[in-house]
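Chain letters run A, B, ... following the sequence lines, proteins first and then strands; every chain starts at 1. From a predicted model like this one, the values you see are computed outputs, not experimental measurements.
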2 protein chains.
Amino acid sequence: METTWEDRLRAAGLRVTRPRLSVLGVLAEHPHVDADTIATAARAVHPSISPQAVYGVLKALVGGGLARRIEPAGAPALYELRVGDNHHHLVCRECGVVADVDCAVGAAPCLTPSEAAGFVVDEAEVVFWGLCADCQVERRKHVLGSVESTEGVEA
Amino acid sequence: METTWEDRLRAAGLRVTRPRLSVLGVLAEHPHVDADTIATAARAVHPSISPQAVYGVLKALVGGGLARRIEPAGAPALYELRVGDNHHHLVCRECGVVADVDCAVGAAPCLTPSEAAGFVVDEAEVVFWGLCADCQVERRKHVLGSVESTEGVEA
DNA sequence: GCGTTGTCTTGAATGAGTCAAATGACGACG
DNA sequence: CGTCGTCATTTGACTCATTCAAGACAACGC
């Protein structure tokens, strides 16, 4: 990686501050994290950072195009640094783990609805729901142990 | 419509109660509504219904497969009665209006990620973000009236 | 170094949604 | 048709993520 975070912050018209560098550092290590986890991790390198500062920093980063906010249903918002490449996400129904999926098309909107009902679409957000590798193993163990089929997933 | 709501409730193993019929009635008239709006509208036919009862009813309906819950980013959850036909949604960035889009494929998951990273995918949730017809007109008016380009939508 | 302006801290508030105990209604069974 | 067990609703308090507001502070241009 050539361009530093400082450069990118400045390029986005944002000031370079310790809280922002801390948050960027955390995001660089953990691809998909929620605000609370970021606050905890950032406190390791900058102890006096407050939860609200994290929210402020994240809003600034998202506004400046340095970060992206994703909100999987039923979970707190997650933040990631991969922006500009219109990619999608795999979410585990069990543990909530998120993985990136490259978009075949590349440019947004990668999909076009058959009938747009007068809408002008600029982005197609795709979320793949399923079970991650770990949770599949876990699930299989339980099925073997006892009959627990409270699922009934239909089409 | 042949089968009544009573039949469907019973078929799902749920009791037939006035709050449930009220909520179903509201959902039948309004395709995409949040819990609070449902509570207000349902109160018109059943004044003593409480907000918590609405949550309980909705959870029962979703659990019984009679309703579906969708959670657009940055907005309270919406509920709809169209279930079973894997369709998707158009959401307006400005006013939050939601429209249905039929899925070309029909069966879930209608899409398959290129590399599933060990996930077993059972559903692909697609949300098309854009501007509805009304908000396009509104936006155009503002652009003509004054220079307000606080947007910067990229890619 | 100095001032301006944007950013962080501190503290409190909002709003969606949930949990728990007690009353009440549905519907099966007699 | 009446009784009873079970599920549903009511009432009330509570959690959690996120936001708002006012003052202290630090970054950047000069």
Side-chain angles (χ1 to χ4, degrees), chain A residues 4-26 32-43 45-64 66-67 69-79 96 98, chain B residues 4-26 32-40 42-43 45-64 66-79 96 150:
Chain A
T4 65
W5 295 127
E6 296 201 16
D7 295 337
R8 298 206 181 175
L9 283 171
R10 272 188 251 271
L14 298 170
R15 287 185 180 172
V16 178
T17 67
R18 190 122 60 96
R20 287 177 179 176
L21 292 176
S22 309
V23 169
L24 284 169
V26 173
H32 305 98
V33 267
D34 59 283
D36 191 57
T37 305
I38 294 174
T40 306
R43 214 164 282 125
V45 324
H46 181 188
S48 78
I49 199 172
S50 63
Q52 288 77 349
V54 173
Y55 279 107
V57 168
L58 289 172
K59 184 175 282 187
L61 294 180
V62 171
L66 291 190
R69 177 194 180 120
I70 62 176
E71 301 185 39
L78 303 178
Y79 296 86
V98 176
Chain B
T4 65
W5 293 127
E6 295 203 17
D7 294 338
R8 298 203 182 176
L9 283 171
R10 272 189 252 270
L14 298 171
R15 288 185 179 172
V16 178
T17 68
R18 190 122 60 97
R20 288 178 177 176
L21 292 175
S22 307
V23 169
L24 284 169
V26 173
H32 306 100
V33 268
D34 59 285
D36 191 57
T37 305
I38 293 174
T40 306
R43 214 165 280 124
V45 325
H46 181 189
S48 79
I49 200 173
S50 65
Q52 287 77 350
V54 173
Y55 280 108
V57 168
L58 289 171
K59 186 175 283 188
L61 293 180
V62 172
L66 291 191
R68 186 175 159 198
R69 177 193 179 120
I70 61 175
E71 301 185 37
L78 303 178
Y79 296 86
T150 337

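Sequence order on DNA chain C of the closest nucleotides to B:L78 and A:G13 puts A:G13 first from the 5' end. In terms of position on DNA chain C, the residue among A:A60 and A:P51 whose nearest nucleotide sits closer to the 5' end is A:A60.
Look at B:R69 and you won't find any side-chain N or O under 4.0 angstrom from OP1 or OP2 of C:dA16.
Taking atom CG on B:D36 and atom C1' on C:dG17, their separation rounds to 12 Å, with Å as the unit. At whole-Å resolution of the value, CG in A:L58 and C1' in C:dT7 are 14 Å apart. In this structure, B:H46 places its NE2 atom 16 Å from P of D:dA8, rounding to the nearest Å. C:dA12 atom C1' lies 15 Å from atom OH of A:Y55, rounded to whole Å. We find that CG of A:L24 is positioned 15 Å from C1' of C:dT7, with the value rounded to whole Å. The CG-P distance, from A:D34 to D:dA17, rounds to 7 Å in whole Å. If you take CD1 of A:I70 and P of D:dA17, they are 16 Å apart, rounded to a whole angstrom. Atom CD1 of B:I49 and atom C1' of D:dT11 are 14 Å apart (whole Å).
Considering only side-chain atoms of A:S50, the nucleotide from D:dT10, C:dT10, C:dC8 that sits closest is C:dT10. Closest to the side chain of B:S48, out of C:dC8, D:dT10, D:dT19, is D:dT10.
Atom CD1 of B:I38 is separated from atom CG of B:L78 by 8.5 Å, given to the nearest 0.5 angstrom. Note: B:E6 CD to B:L14 CG = 13.0 Å, rounded to the nearest 0.5 Å. To the nearest 0.5 angstrom, A:R69 atom CZ is 12.5 Å from A:L61 atom CG.
Looking only at distances, a side-chain donor or acceptor of A:E71 sits under 3.5 Å from a matching main-chain atom of B:G74.
B:V54 pairs in a side-chain contact (heavy atoms from CB on, under 4.5 Å) with only one of the listed residues (B:I49, B:T40, B:D36, B:V26), which is B:I49.
Put simply, the side chain of A:L66 does not reach to within 4.5 Å of the side chain of A:W5, judged on heavy atoms. Within the 4.5 Å cutoff, the side chain of A:L24 has heavy atoms near those of the A:L9 side chain.
When all heavy atoms of B:R15 and B:R20 are compared, the pair lying nearest together is O-NH1, 3.1 Å.
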For a quick check, with a 4.0 angstrom heavy-atom cut-off, what is the B/S/- contact string for nucleotides 19-29 of chain C, read 5' to 3'?
B-----BBS--

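Each end of the helix from C:dG1-D:dC30 to C:dG30-D:dC1 gets its own rotation axis from five pairs of C1' atoms, and the angle between them is 30° to the nearest 10 degrees.
A 6.0 Å sphere centred on CZ of A:R43 holds more than 12 heavy atoms belonging to other residues, nucleotides or ligands.
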